[in-house]
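In what follows, a structure is listed as structure tokens, so that the remarks can point back to it.
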Amino acid sequence: MAPLTAATIEELLETDITLEKGAEQIVKDLTNHFYDIGELCEKLQTPLTSTNVERRVQGTLLLTRVLAQLPKDMLSSQQLGVMVEFYASRLKDHHNVIPAVIEGIDALIQMNNLPGTDVVKLLQSFFINTTCQSQLRSDRFKLYQIFKYLSGRYVSELKAMSGDFIYGVISSIDGERDPRNLDYIFSFIPDFIATYPLLHLSEEMFEIFACYFPIDFTPSADDPNTITRDDLAAKLAKCLVASSDFVEWTIPLALEKLDSELILAKCDSLELLYQSALNFDCERIETQFESIWLALKAEVFPGSEHTVVVSAALRTLSCFLEQASNVKISITHNYQTLILGTILTHLSDINQRLFEPAASIAVVSMSGDPIFTGEKIFGTFLLKLYDSLNPLNDDQCLSVYKIIKEMFKIICSREPPIYNNLSADLCHQLHRHILNTMKTIENKENCNQDLMRAAVMCLTESASLINEENRALTYKVLTQILKEDSVNLTKETSQLLERLGKLQPIELQANCLDLCINNFSHLSTCIQQRMFENLLRLVRQLPFTKRIIKLLFQQAFGPRISESDQCYVALKALNKLLEKEDSNFIEDLQHQNSLIMKYMQLAKRSNDFFFQNMFLSEIALGLSLVIQSLPIAEQYMVATQHLAELNLQQSSDMYVAQGLLGYLHKDINLDNHFERLLNELTQFSMISDDEQARHVAHQLLCSLVNKIDYNNNNRNNHGILISKINQLIEEIKQEKEKAVDILSWVAKGLIMRGCDEAGDIIEELAKLLEHPTLANAACMAFNIISTDYPRLHLPIIKFLYKQKFFQLMLTKLDHKLETYCEHHLRAFVYVLKTTPHSVLKMNIGNIGPTLCKCLSTTNRHTITIALDICSSFIRQKDEYFANHLSLLIPLCLKLTTYVDSMVIKPRPQILPPRNSPSNFIPSARQNIP
């Protein structure tokens, strides 16, 4: 350590770099108590009192940097007092010295032992001797940080300064223009105002912020820490409502700027009014509400072309009403009376162009006291609904019902007892309309289902208000709708059922559900399907659970197998239930009802069904859903117990195997069954002509080879797999197309788990692309490997397997693609279809020419995939495609004359025609035209 002398100090002050290092050394010496802060000040006396301004700056900076690096608890209050005296007096110095002084003050106020009286001394000196706005932006920012810090730490001392502190802060902020500084000011001032009474300076503080409203600011595109205009506007609004004293200036300011033609100004003004409603006392707002209402009405009537403005105006009006209702209901009534006086006239004439905006305001007016407003608005609507001389047409009724639904939604969310009879007349009207509509159906006339839907939704929202008499009528109407073939209101009726079930379960059971369920078997298949969709919403409500489950089981597993359509509908409904319920519910269902056994027994009777595979597919789905919900140990027990009973040469048992094994937990070991399953699944696929059952076998095979462990403990299984692959290759040499299918599914399972054997299979399949009879099957093999199948469970999926498969195919086919072999193009484009876009982009130089060649082929599916890929690149303005538009545009123009460019898809049916072949589980090949 060199001794601290005046000469040492002079040397330290020569350069900024030496200054920093010197400050670090001085801090070390001070913390080691080689000398104290007083001795340092003595040695600094010469530069600090120099007549040269630059020397004073350097001396002050050195002392400041030392203070900044000292431990916060090192200096005593007496030592800090000396420092405060120095910096307070230095605020009178030359303006070049002030930045170093501000930095020093920032270091001082961080000290733990700084007395509050010294803080007051520093601030008083600053406010008297210096002006904030004459400093650089960074120094002003530091001053704002100082104000925020001190105002939170020394509250009592600064409050004792009374208006001097508030005025000093106001003077410092006044005139700030830098958006970063304003963002900081707007962030801390609301808390500042909440802490310190503004006294006689309220208007001065308000005017400081009012001059910025509305914010007009465009952020710099080069600024990495961009402050957005919306951020500044939101923070400014908080400042303008920070004090209750601001109410007399804030609202007039917002109303004045609301007249602007600028949309941003309108939105900012509406947001300021919204914040005013949230933050100011409603008693002080009441005198200005008429002006507020007139201004908001002007934005809603006759309806601004800018929906964002209308939406903000309605939100603001709702907030004023809601806040007043939470404080003083009489003020809310005054507000609502003023609003109703304007809108009721327009609500009484649905043909007026002001009806829609009046209706929007009517819904918003419910935010205050719903009963006060609701009775008057409902009364207006009921007069129109009862008016037999000028009856409403369907479209007018629809408009009314939509508004009523929204009003009921608000009313019922409050649920006060006095509403119980409010909706009686209206419910009667809704029922009358629905019954009249039902009569038009009976007379073979077309009904307005949109209108009926709106009426049912109104009943749903008002369910808790419907009295006993109208509930009886509601159950009658609901039963008729559920049983009517020509009316499809499943979503709406299910919501009404669910709501009534929670409110009146016994009534609903006796007056509606029993009437539907008792005659269920006599209903048409279409109605049964719709009925199940409605009933499933009630399963979770305990009063209905057993009744609905019993109905499902009776229809799905009962003795009436000859009515296969109804059985199929019940199976689909049961599977929908299993798909949406949690595992605990399904596990309980299995344990109480032996659900797995019911499915398996039904599979054995499947020969009695029309369209056997369609039913077996639903059975497989149901079994898999039950299996997945069971604990792992029970999954293993069930699967292995029934596996020995299955004959995998029968289609029905193949589907059962899919249900039992297809979705087993990945930790369940089937290694002991691997050889048998591999052989029987392969054999079935080779000899069966049932394409749908073969597809099931292929998926099981794919899942099996993906899951089986091939490590050192299972070398035998590895050898079995290699042997089977070689056997399939030999079958292919005999031109057996089915062997190509099987090998492709084996390859898919292995590729997904990242096995080396997959590369050898890909090579064999790639060779077949030139085969005279098996080339098409080989193309489909690559489609199978690439395509994602939603009903295929693959427990082991290698990270980035799609990228690796793409690279493998690029390597295998690259030289073939150059020779323009159509089968190679088809195979490769199937791979491109599922390759991530980012990977394609990285290899665009390699695949770009191939995509252009695909557009010149004659295969529609190849062309479609290539067009999709090209369009995705073009939408992203890819450079490669931009440079090759001269080639791409003629190809696309030529495709507009393609003969097979119009494809008409058939309309789907619940069940296929009785005499048609069943195609409900198409293979990959059947998916490709």
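Because only heavy atoms are used, hydrogens play no part in the values below, and waters and symmetry mates are left out as well, while side chains stay in.
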Between [X] and [Y] (side chain of the first, backbone of the second, donor and acceptor by atom type, cut-off under 3.5 Å), is there such a pair?
X	Y	result
Asn518	Asp514	yes
Ser617	Asn613	no
Ser703	Gln699	no
Gln635	Leu630	yes
Lys572	Gln529	no
Lys604	Ser652	no
Glu618	Asn575	no
Gln628	Ser624	yes
Arg753	Ile796	no
Thr493	Thr490	yes

- Query: Applying ring-ring contact (aromatic ring centres under 6.0 Å, His included), which residue pairs with at least one partner in residues 485-530 are found, sequence neighbours left out?
  - Reply: Phe520-Phe532

- Message: Do Ser494 and Glu533 have side chains that approach each other closer than 4.5 Å (heavy atoms only, starting at C-beta)?
- Response: no

Do other residues, nucleotides or ligands put more than 12 heavy atoms under 6.0 Å from [X] [atom1]?
X	atom1	answer
Gln649	CD	yes
Glu645	CD	yes
Ile506	CD1	no

Report the distance from atom [atom1] of [X] to atom [atom2] of [Y], rounding to the nearest 0.5 Å.
X	Y	atom1	atom2	value
Leu536	Leu574	CG	CG	9.0 Å
Asn706	Ile797	CG	CD1	7.0 Å
Glu579	Leu621	CD	CG	5.5 Å
Leu538	Leu508	CG	CG	6.5 Å

- So, are Lys833 and Asp868 salt-bridged, with charged N and O less than 4.0 Å apart? no

- Message: With a 4.0 Å cut-off on N to O distance, would you call Glu461 and Lys405 a salt bridge?
- Response: no

- Message: Students often mix this up, so state it plainly: with edges at 30° and 60°, are the rings of Trp745 and His698 parallel, tilted or perpendicular?
- Response: parallel

- Message: Among Lys738, Arg694, His695, Glu680, exactly one meets side chain to side chain donor-acceptor pair (under 3.5 Å) together with Ser685. Which residue is that?
- Response: Arg694

- Query: Any chance the side chains of His591 and Glu634 put a donor and an acceptor closer than 3.5 Å?
  - Reply: yes

